[in-house]
Amino acid sequence: MRIEIKKDRCKECGFCVASCPKKCISFAPKINKIGYHPVVIDMEQCIKCGSCYTVCPDGVYHFIPGGDQ
Amino acid sequence: MRIEIKKDRCKECGFCVASCPKKCISFAPKINKIGYHPVVIDMEQCIKCGSCYTVCPDGVYHFIPGGDQ
Amino acid sequence: MEKERKVPHFVDNPSNFCPGCGHGIVSRLVAECLEELGQDRNVIYTIGIGCSSNMSAGMKADRLHCCHGRASAVASGMKRVNPQNVIISYQGDGDAYSIGMGESMGTAYRNEKITMITINNTNYGMTGGQMSATTMPGQKTTTTVYGRDCSVTGNPFKFPELVASQFDVAYAARGSVDSVGNINRLKGYIKDALEAQIAGEGYSVVEVLIPCPTNWGMTPLESLDHIRNNIIPYYTLGVKKARGGKSV
Amino acid sequence: MEKERKVPHFVDNPSNFCPGCGHGIVSRLVAECLEELGQDRNVIYTIGIGCSSNMSAGMKADRLHCCHGRASAVASGMKRVNPQNVIISYQGDGDAYSIGMGESMGTAYRNEKITMITINNTNYGMTGGQMSATTMPGQKTTTTVYGRDCSVTGNPFKFPELVASQFDVAYAARGSVDSVGNINRLKGYIKDALEAQIAGEGYSVVEVLIPCPTNWGMTPLESLDHIRNNIIPYYTLGVKKARGGKSV
Amino acid sequence: MAEMMKGNVAIGEAAIRAGVRFYAGYPITPSSEIMEYLSWRLGEVDDGVFVQLENEIASINMVVGAASCGVRAMTASSGNGISLMQEAMSVLADENLPVVIITMVRYGNGLATLYSSQTDYLRETRGGGHGDYRCFVLCPYTVQEAVDMVALAYELAEKYKMVSIIMAEGALGQMMEPVDLPAFLDVKRGEWGFDGTYTNAKLGYFDRNSMTEAEELRERYDLIKENEQRWDSTDVADADYVFMGFGLAGRSCLGAVEDLQAEGHKVGFIRPITAWPFPEKAFAEIGSNTKGVIVVETNAMGQMVEDVAMYMKKHGLQMPVYSLPYVYGVPVIQDIKDDFKKIVNNELKEVF
Amino acid sequence: MAEMMKGNVAIGEAAIRAGVRFYAGYPITPSSEIMEYLSWRLGEVDDGVFVQLENEIASINMVVGAASCGVRAMTASSGNGISLMQEAMSVLADENLPVVIITMVRYGNGLATLYSSQTDYLRETRGGGHGDYRCFVLCPYTVQEAVDMVALAYELAEKYKMVSIIMAEGALGQMMEPVDLPAFLDVKRGEWGFDGTYTNAKLGYFDRNSMTEAEELRERYDLIKENEQRWDSTDVADADYVFMGFGLAGRSCLGAVEDLQAEGHKVGFIRPITAWPFPEKAFAEIGSNTKGVIVVETNAMGQMVEDVAMYMKKHGLQMPVYSLPYVYGVPVIQDIKDDFKKIVNNELKEVF
Amino acid sequence: MKELVFAGFGGQGVLTSGLIVSDMAVRYGANATWIPSYGSAMRGGTANCTVKYGTRFIHNPSQEKPDVLMAMNQLSLLAFGKLVKENGAIFVSEMVDASVFERTDVKVYTIPCHEIADEIGHAKGANIVLTGAILHYLGDHTLEEGLSSMDIMFGKKGKTKYAQLNEMAMRRGYEYFEKLK
Amino acid sequence: MKELVFAGFGGQGVLTSGLIVSDMAVRYGANATWIPSYGSAMRGGTANCTVKYGTRFIHNPSQEKPDVLMAMNQLSLLAFGKLVKENGAIFVSEMVDASVFERTDVKVYTIPCHEIADEIGHAKGANIVLTGAILHYLGDHTLEEGLSSMDIMFGKKGKTKYAQLNEMAMRRGYEYFEKLK
Ligand SMILES: Cc1ncc(C[n+]2csc(CCOP(=O)(O)OP(=O)(O)O)c2C)c(N)n1
Ligand SMILES: Cc1ncc(C[n+]2csc(CCOP(=O)(O)OP(=O)(O)O)c2C)c(N)n1
Ligand code: SF4
Ligand code: SF4
Ligand code: SF4
Ligand code: SF4
């Protein structure tokens, strides 16, 4: 499973950060096109539970079966 | 108790006739100004119960204390 | 002691209602209650569009005819600036529950301190007897010529029950004019409703079942039977929300 | 087996919603349900005026933006002539319950075979956070700067409960987007509602509690807490009228 | 043989024959017979849908929904009811949805009366809602013309993606005259209609370019003004006075004109059939010797007279404009003749 | 010292000072700050009542109720919201109830945009409801003028028993400029108000005489047209071209006029302050050498230009009328100047 | 062109009488208009309609100057009697007291239509009796034309129940006028 | 008359900056207008306002040709930079990459306003730092006038909490520009 992050959609609301059971989502230091610090996942810790997809209001996450990371 | 009948208001609906416990209300043979046969009371039988006043939608009856008939 | 029984002065005039129409009884009862409460020169009516409008011809009390359906909004505006007056919103069921649904609900919802009297004749009388929200299942009207089919048009609407159960209102009841007894009970409801307003308790509503012989295609007396036999079993009479109390 | 998780194609576009606004979650859930039901190319949305309107920017499905409050009437018109389509009326609480009270009630009353999704953020988001019928007691908004005083403005309005108890509707529920669990449950309600429509059972409605951080003056995460701690206790979640069943 | 039919009933049947398959409405005198007729008649044709709604706002919005799916949809009402529809009519214009609305005009402000009149001319021709949109406004003067207008109204509405209003006086709906009903049209669903497949995408609220849309609208309206003006006229060219009137007022006016001609007066007559687009082209016929234009209406202030004055300015016609607003009812022919004489004798002043 | 104030807030405070004691409304951009301000401010004055309602129809009808009791009552809205009020505005006119309605006009048909514009001129000046009634229509071009207009609007409304509309562009409500607030007026309850004692009887729906009422209304409106036209004008008398514009469009237009004069053009300017009654008297100043009248507006089609053409007909002014409708926003001064040059060079044709 | 006004209480069938006359005119090739007065005071009030027919186009369908008035109640006689054209005719039922009517330039015919209707056992047919009399007065159509036209008209409306009684009523009215004139 | 545009993300305080400048102009006797752009795309989008001030009546309050642009984000520089008058000035924060901006007929000043704001412990005051710099550039009022006017303005709004920090921010911006120019 691969997770694609559409970082220019992220508005830094923090819903995914808060709901991630592994607490492995954080915000990047550099702002995106719309002025927010977008999410980054620490893929080492991620268990692909999908919570971030579920809670994200802005369609940032895309879980793509197959492949890795 | 006197009962004044404003006969030109009567529309011949029959509510009073039907609700009179003594069945002493009937319709006059001659039509009134607005084209209906207005009520007449047989005062001999009337017990002044006021049912006719209560049910009349057109304000035909006026119960005036004192006096007679 | 003998008691005078007289149509109160300010509604004591010939009416334009059809023969056997119940509107006349209700408007007299409201007037009697006002008189008995000493409010007959302290009242403003807002009157809906429909046969109710006929009541007002020659009526000698402050009253404003309102846009179809909006009488209770107008009444609320009056009450908010004239809290000392008794404000009565007098409307037909089409006026109050169809086009006026939004305003009637809003008024009840905010518990505006007015009294609404709704005349339920199960159709739009004035415009020629079309279906209204209160039309009985199977009832023939000029827009339901084969009888009302509730599966497409909805089931007859029960406003007093709705506001009593859903909103924080002061008083709600339903009466009928089909008999001396019911008329007397109805008068009690109307008086309760007005007293609730006068005491500042909030919104009160009394719905009244009346005969509409013209559009029912019945004689006046048949209309009363129809109310007794068919309408009351569906639209049950009585207090739906008692003063200071709970939904009934 | 690994399951792809992807925003359905027809709503997969950047949104104009505020950061942390719940609108985006709901519109995605509805789209997911449609996709799963194989209806994503058999749907027409009617969209109310309010922040819901933002959803539509770039949305690739048939949809009509409607007069403020009237989306469910428009939806009913569509359904009556296109019974084979799934029709979704997507509205804010102000749109659906304030200005749209008459039309929303009428649609439920007639049991029109459409699905209404109402987004309850306890205020008028788009116009700057004024009080709506769903504003919580004491809540500060731009028109209740000292907090909502329910004694003059009425108590927060509960539409799903009202239609479930008063009308003959097919399905009514309330969900929330404050947590993964509630989002998943909500998706179930939405699917139920759509299935009720597809099966021709009648009117279905799902109200959704969402955060409006902008107008609540909270961070997105504080907003979720607010929903959990303050709103849900008042606006209880769950099915209010089950399919084929009774009011709950 | 032509049959005596009541205007409203005839219009209802004409709607069926013009392919109307959706009607949503709320009753109001003097239009209610249209919905009463369609309440059962639509049930007799395939896919016919009739819905009685809780008010005019819901009605017109349900019509919006049906029309957006390509169905010939209709509603009918009068004064107050049409007032409540203004917002949605602006939406129909904005969404380019063809719909026909019938208004049986009654007299007056506020709660209004039940009298027949032409009191809503300015609202219908300017669009009483917000924004600057226009609707076709068709004004029948006989029941037959009203009946024939129903299909025409849809053709125009669909050709130009607009609302057509048939604006008739209340009396036309209530009266009977002999009518030949038109044939049944075989009408298909409009190709613009929604069907859930996202073939006919509509732009969302926030995705519009108002500037280019304004430009497009101007061009469309200019085209309509060029191509769709409709009127009747008689003896305008060398008239001393030209009468103008539409609908039943125009019909009565024509009676007065014929009488006056018989009495030897050189009078002409223009009857607008489309109130919008206003038939200004009819003014081309007016000669420079004409002494005045007389506008007969049934409203309180004179409304069409504003259009007459405005377009006379455009056409460089400088003769005075007289206004004869008979408030309500159908103007009595004798009254028009009497007032004409006052104009000739300078007892009645021009208004423009 | 004059303070920078936002138009909507300044209008809200001006309402308080003009004696407004009742406000009922429903929010809509770009007017909402008026109600937001009054939502708390009315609570600070004696007998002040603020009610937020479920829609514009309930709002205006609640205003009907309050006004009928003699209180200075107000509501504010914009495009769509005002469309929904049309029926009740006709009722206010019919019941002779003085009320002030503020509209902060936004652009467009249908759901409309949030852009500032002048797209509702025809509706406001003709009465978008049924019937033939008129409202005062006052058009401010600065926040200060808007503020001063509030009391004036009530004076006119009460003197003539009518509705006054303050028709401002959305931008005026959103912008800030220095404002001197007027003094607090001591306003008594209107003597016409209901108090439950049946002292101010109103006629019922069925007890009216429409003919005499129509006559009375005509006389009243004629009196108003005679006495209450308001406008500003500069350098009209010997101008080659006379510009006309109201509100912010007029303000920008005035800027263009000053620039053009500085460049040596003989141009004049008329700014209607009352759109109804239309200030046709201003036309008396227009000289026969004037080559054209140029109407600057922000709407799609040109709306005031209709009034201009119509009253020019009345005044026998035959020069061409040009329409410059800039759709939305505030017209850019340079654009007006550029278009003027096109007119002078015959690249832009007259519309009337 | 002829103009007729039919007036009476609501329910007396005056609108139907007007319709019979106008429908017949059209059936036999004329133009016709029929227009009711409708309006606010309809409840329990009076009803009336105006019928015009003739060979030419009818400009104004509304009441102007009636040639003939049918008045089934006193109020109608008072309200419309004064409008009737000089040398016109007024038909009243025997319930109407025509003696109070002062114009001498119009003929007033009192037809005992209620009596006749009662006689033939068709109490609701008094309006048709009067219509029969008017038919004769107008002289534009034969009794047979009137009867057949009325039959067709009621037939189209599916109102065939009283066909024979209605025919009898019209005939009796026609014949009554025959004797009277 | 001078025209200024203040633009950035919502929440960056650009509307307040515009207000400070216009309010000050009025306080010292000029005319001024302040007008925000408001509209459909407000959610999460950019905010901007136009300020005009001068001694004469201001005809058009809307954006025409700004003399000065304050751009707090990249989008604003791109959107409004092209409108600035020849020889006008643009003030950007250090978060904005001015190198991509191609016009040479206007001066672009990059002010490290976020850095300065952070330094003085008033992260939300970056807009005021920029405003201070613009105040100096405009040259119509002294720093003291600017400070006192801002104080009064915030004071009237009851927003006195950050008075000192705001003062410091404006001063630092003003001084930064002093050195820069
Ligand atoms: C806006 C508007 N729509 C429609 C009407 C027409 N209209 C007048 S009364 C009425 C219905 C009245 O029915 P109801 O309220 O039940 O009163 P009733 O006459 O039966 O007593 C209608 C539809 C109107 N006057 N205004
Ligand atoms: C007739 C009309 N009145 C008012 C408005 C202004 N308006 C637009 S959206 C809105 C409220 C939206 O609130 P809600 O429906 O709760 O949706 P939200 O924005 O909170 O999601 C209002 C009042 C309008 N567009 N049309
Ligand atoms: S998939 Fe689960 S664990 Fe991985 S980032 Fe998302 S929420 Fe965290
Ligand atoms: S109840 Fe009244 S109106 Fe009816 S018959 Fe009796 S008196 Fe007459
Ligand atoms: S139509 Fe019905 S409600 Fe109206 S007056 Fe007649 S009987 Fe009464
Ligand atoms: S204002 Fe509230 S509801 Fe609207 S987009 Fe922003 S957060 Fe969402």
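In what follows, chains carry the letters A, B, and so on, assigned in the order in which the sequence lines appear, proteins first and then strands, with residues in each chain numbered from 1. Since we're looking at a predicted model, the values are computed, not measured.
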Between OG1 on residue C/Thr127 and CD1 on residue E/Ile28, distance to nearest 0.5 Å = 9.0 Å

The interface call for E/Leu38 against chain C, heavy-atom contacts under 4.5 Å, is neither

Nearest heavy atoms of C/Thr143 and E/Phe50, plus distance in Å = O-CE2, 4.3 Å

Rounded to the nearest 0.5 angstrom, the OG-CG distance for C/Ser98 and E/Leu53 is 10.0 Å

Which atom pair, heavy atoms only, marks the closest approach of E/Pro27 to C/Tyr124?
-> CG-CD1, 3.2 Å

How far does NE2 of C/His68 sit from CG of E/Asn55, to the nearest 0.5 angstrom?
-> 9.0 Å

Given a strict heavy-atom distance threshold of 4.5 Å, which part of C/Met131 is in contact with chain E: side chain, backbone, both, or neither?
-> both

Given side-chain contact (heavy atoms from CB on, under 4.5 Å), test C/Ile99 with E/Leu84 step by step and report yes or no.
-> CA-CA 11 Å; C/Ile99 192 166; E/Leu84 290 169; 4.1 Å; yes

Measure the CD-OG distance between E/Gln52 and C/Ser132 for me, rounded to the nearest 0.5 Å.
-> 8.5 Å

Greater than 12 external heavy atoms within 6.0 Å of E/Asp47's CG | no

Here the pair of heavy atoms bringing C/Thr142 nearest to E/Ser39 is O-OG, 3.7 Å

Non-hydrogen atoms of C/Gly128 and E/Glu36 that approach each other most closely = O-OE2, 4.4 Å

Select one option (side chain, backbone, both, neither) describing which atoms of E/Tyr37 are under 4.5 Å from chain C's heavy atoms.
-> neither

Heavy-atom proximity to chain E below 4.5 Å, by part of C/Tyr97 | neither

Of the non-hydrogen atoms in E/Tyr26 and C/Gly94, which two are nearest, and what is the gap between them?
-> OH-O, 3.9 Å

